[in-house]
Amino acid sequence: MSTQKLIRAFSRTHIPSNQHQETASNIVQALSYSSIEPLKHSPLIRSTLNSYVVQLVLSNPRLSLRSCLQFFNFLRENPAHKPDLAAHLTLICRLYDVRKFTDIQFVLNCIANDVNLRTPVSNIVSFVEHCTVDPIFVQKLCDMLFRVYADNGMFKEATGVFDYMEKSEIEIHERCCMVLLLALRSCDKMDTCFSFFQRIVGAKVEITAKSVAIVVSGLCVRGEVERAKGLMEVMVTKGIEPDVLAYNSLINGYCIRGMLEEAIKMKAIMEHKGFVPNVVTYSTIASGMCKLKRYEEAKKWLFAMIKRGFTHNLVTFNILINIYSKMGNLNEAHRLFEEMKEGGVRPDNVTYSTLIDGYSKKGDLQEMMWLFEEMEKGGVSPNMFVYNILINWCCETENLEEAERIFEKMKKGGVRPDTNAKLEEAGLLLGKLEKGGVRLDTFTYNTLIDAYCKEEKLEQSYKLRGCMEARGLRVDTVTYNILIDAFCKKGYFKEVERLFEEMEKDDVRANEVTYTIMEARGLRVNTVTYNILIDAFCNKGYFKEAERLFEEMEKNDVRANKVTYTIMIDMYCNRGNLTKAHKLRVVMEAMGIIPDLYTYASLINGEFSFGKLDVALKLFSEMKQRGVIPDLFIYTIIILGLSKHGRPDGALRLYDEMIEAG
DNA sequence: ATAGGGTTAG
């Protein structure tokens with residue numbers, strides 16, 4: 001009996017006494033005759049139950065494993081007799097004898113989660129080696145401990161096990177490493193994930209396309225397609241061909257970055273290499289089209305997929321329902337919804353939120369509530385997406401009564417709102433939701449913080465930020481942008497500076513992939529941050545500083561966008577430097593950014609102030625030609641400009657045009 | 001590996 005060896009090893013430090021032996025065998029006897037219940041109140045437990053007795057009990061072969069586990073769990077729940085490391089390991093040895101791996105994992109999980117029990121692997125192994133010479137046991141144990149640490153997000157400890165295994169030349173399986181790769185990926189620690197992957201490649205672990213796909217997908221989701229592609233190419237030179245999953249991830253990466261044509265090209269490449277695209281390949285591209293609002297195209301794409309013999313699944317149904325919903329065809333969306341149910345595909349939170357959102361945009365409250373009730377009845381409990389759609393709808397429509405009814409559904413609150421103000425309503429809603437245990441995310445908080453800032457209720461904003469942190473929610477770049485903007489507008493630059501220091505201290509990141517890759521890699525500030533500051537400096541007349549920031553953006557790989565260029569163009573126009581303004585406009589267009597209403601307004605205003613009416617009017621017609629619909633503001637600029645420069649006839653003509661356009 | 005909502009700047 002292997003556990004006996006453990007006892008012998010342990011007895012070197014613990015001198016066995018007859019009394020211990022006796023207590024142990026009494027407990028064993030008691031446990032064998034009945035359940036644990038009577039023992040709980042027995043004097044046996046209260047008196048001499050120490051570490052040594054516990055081990056004697058747990059390792060006694062006469063005691064069934066079932067009773068062992070009962071006894072162990074009883075001790076765990078008993079603060080006075082918490083089992084120690086030796087007890088855990090003794091139990092593990094017994095469990096290994098009958099190959100109860102799930103239970104071993106449970107015990108290891110106990111060790112990992114208890115600071116008093118946690119110990120380096122080497123200790124655990126040398127402890128266990130006293131009761132077995134089975135090398136497979138040690139390997140299995142390390143493997144399981146590694147997984148337990150990875151699953152618990154204890155990456156340092158997991159790496160420690162890996163180090164030990166590598167050093168001790170214990171065989172490491174790919175499946176085991178994949179657990180850590182997956183855990184790192186889901187925690188958004190892609191850099192660590194990437195370097196661990198490279199370690200595995202360097203170590204003697206036999207890896208397959210599966211591990212490669214995990215890393216590739218992680219990189220692609222962050223928009224780092226090129227890096228993922230590079231990794232795939234390197235792996236091919238090592239004899240590992242990528243699989244369909246990896247190719248699908250690359251396609252997804254391109255879609256995320258809005259590079260639809262590249263995505264479709266990648267599909268062709270994978271086909272050329274002999275891989276057959278699957279439903280996921282098609283859905284990924286369809287959703288890429290949806291991201292670009294090319295719904296008609298996405299619809300045709302999915303129809304073509306069905307024509308090729310693929311059948312709809314939950315995801316493709318959801319995408320298609322979303323397409324119709326976004327195009328405003330709720331009838332067709334609803335028809336598909338029925339079709340999927342008839343076909344045995346059960347709608348989920350995504351389906352319902354898509355439809356509820358669609359109906360909310362149509363203002364169809366009845367249909368919204370009907371769906372909301374149906375999902376609850378059908379056992380789909382509404383998640384944050386659904387609630388947020390409802391919250392937004394309440395805020396937008398200022399429908400307090402309905403909001404109340406929805407709150408009741410969510411959970412009981414207590415406070416009755418007494419005002420119709422959108423902000424108050426949203427704030428109350430937030431309080432109710434939190435009280436009801438509904439967790440809100442950073443987006444929702446940011447919305448409210450911004451609302452309070454705009455009302456100049458900065459203390460409230462700060463209070464909400466405190467709430468976020470207390471709930472362990474990540475304060476992100478957008479949160480800071482909102483606050484920075486608020487202080488900039490008030491001209492409190494000292495406070496802004498302090499905010500930047502705070503960002504640094506709290507390691508605040510931009511968590512978006514939508515802007516530039518650099519930002520996706522975790523840069524603190526984004527384009528909007530720069531825009532806020534540049535605009536603030538322009539308004540305060542710190543032009544040199546604004547120009548410096550504009551140049552700094554490029555250096556930091558933060559891409560200037562339409563707003564950035566417009567702010568700069570507007571500044572040059574206001575300072576009378578039309579040459580520079582037009583130069584920037586050329587740069588902007590070369591970047592593929594098309595000027596919009598704001599940009600044209602600045603340029604036209606600039607030309608007028610120099611009396612260049614013809615240029616101004618030429619810009620105006622150019623703007624209209626490009627499909628930019630003029631608004632009241634721009635008409636006012638032009639009409640005022642013309643009349644000021646002695647062209648009342650032209651002004652009148654434009655006035656008529658404006659009225660005609662509504 | 002794929003699907004749904006909402007945030008900041010001119």
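Numbers restart at 1 for each chain; the letters A, B, ... are given by sequence-line order, proteins then strands. All values reported here derive from a predicted model rather than from experimental measurement.
Using cut-offs of 30° and 60° on the angle between ring planes, the pair Phe537(A) and Phe493(A) is parallel.
The residue Asp535(A) sits close only to the backbone: its heavy atoms come under 4.0 Å of sugar-phosphate atoms, none of a base. Looking at heavy-atom distances under 4.0 Å, Thr354(A) makes contact with sugar-phosphate atoms alone, never a base. At the heavy-atom level, Lys210(A) lies nowhere under 4.0 Å from the strands shown. Within 4.0 Å (heavy atoms only), Ser217(A) reaches sugar-phosphate atoms of the nucleic acid but no base atom. When heavy atoms are screened at a 4.0 angstrom cut-off, Thr599(A) is found touching base atoms of the nucleic acid. Note on Asp348(A): a base of the nucleic acid sits closer than 4.0 angstrom, heavy atoms only.
Side-chain proximity of Thr447(A) to dA1(B), dT7(B), dA3(B): nearest is dT7(B). Closest to the Val478(A) side chain, of the nucleotides dA3(B), dT8(B), dA9(B), is dT8(B). Each of dG6(B), dG10(B), dA3(B) was ranked by its minimum atom distance to the side chain of Leu314(A); first place goes to dA3(B). Among the nucleotides dA9(B), dT7(B), dA1(B), the one closest to the side chain of Asn278(A) is dA1(B).
Within the structure, every side-chain polar atom (N or O) of Lys267(A) is placed at least 4.0 Å from both OP1 and OP2 of dA1(B). For the pair Arg185(A) and dA1(B), the criterion of a side-chain N or O lying under 4.0 Å from OP1 or OP2 is met. Checking the phosphate oxygens (OP1, OP2) of dA9(B), no side-chain nitrogen or oxygen of Lys489(A) falls inside 4.0 Å. Side-chain nitrogen and oxygen atoms of Asn252(A) include at least one within less than 4.0 Å of the OP1 or OP2 phosphate oxygen of dT2(B). In this model, the phosphate group of dG4(B) is not approached by any side-chain N or O of Lys291(A) to a distance below 4.0 Å at OP1 or OP2. Contact check, Lys454(A) against dA9(B): a side-chain N or O comes under 4.0 Å of OP1 or OP2.
Partner of Asn446(A) under the side-chain hydrogen bond (donor to acceptor under 3.5 Å, both in side chains) criterion, chosen from Asn481(A), Thr477(A), Thr479(A): Thr479(A).
Proximity of the aromatic rings of Phe543(A) and Phe550(A) is defined here by a centroid distance below 6.0 angstrom, and this criterion is not met.
Distance CD1 (Ile285(A)) to C1' (dT2(B)): 11 Å, rounded to an integer number of Å. For Asn322(A) and dG6(B), the CG to C1' distance is 15 Å, given to the nearest whole Å. In this entry the distance linking CZ of Phe337(A) with P of dG4(B) reads 17 Å, nearest Å. In this structure, Asn526(A) atom CG and dG10(B) atom P are separated by 14 Å, rounded to whole Å. Taking atom OH on Tyr480(A) and atom P on dT7(B), their separation rounds to 22 Å, with Å as the unit. Between the P atom of dT8(B) and the CZ atom of Phe443(A) lies a distance of 10 Å, rounded to the nearest Å. With rounding to whole Å, Arg474(A) atom CZ is found 18 Å from dT7(B) atom P. If you take CG of Asn383(A) and C1' of dG4(B), they are 9 Å apart, rounded to a whole angstrom.
Between the side chains of Asn252(A) and Thr284(A), no donor N or O sits under 3.5 Å from an acceptor N or O.
Stacking of Arg465(A) on the aromatic ring of Tyr452(A) is not recorded, the 6.0 Å distance cut-off and the 45° axial limit not both being met.
Remark: Lys300(A) engages no residue in a salt bridge (charged side-chain N to carboxylate O under 4.0 Å, His left out) (not counting sequence neighbours).
A donor-acceptor contact under 3.5 Å is formed by the side chain of Ser283(A) with the base of dT2(B). Under 3.5 Å, the side chain of Asp243(A) and the base of dA1(B) form no donor-acceptor pair of N or O atoms.
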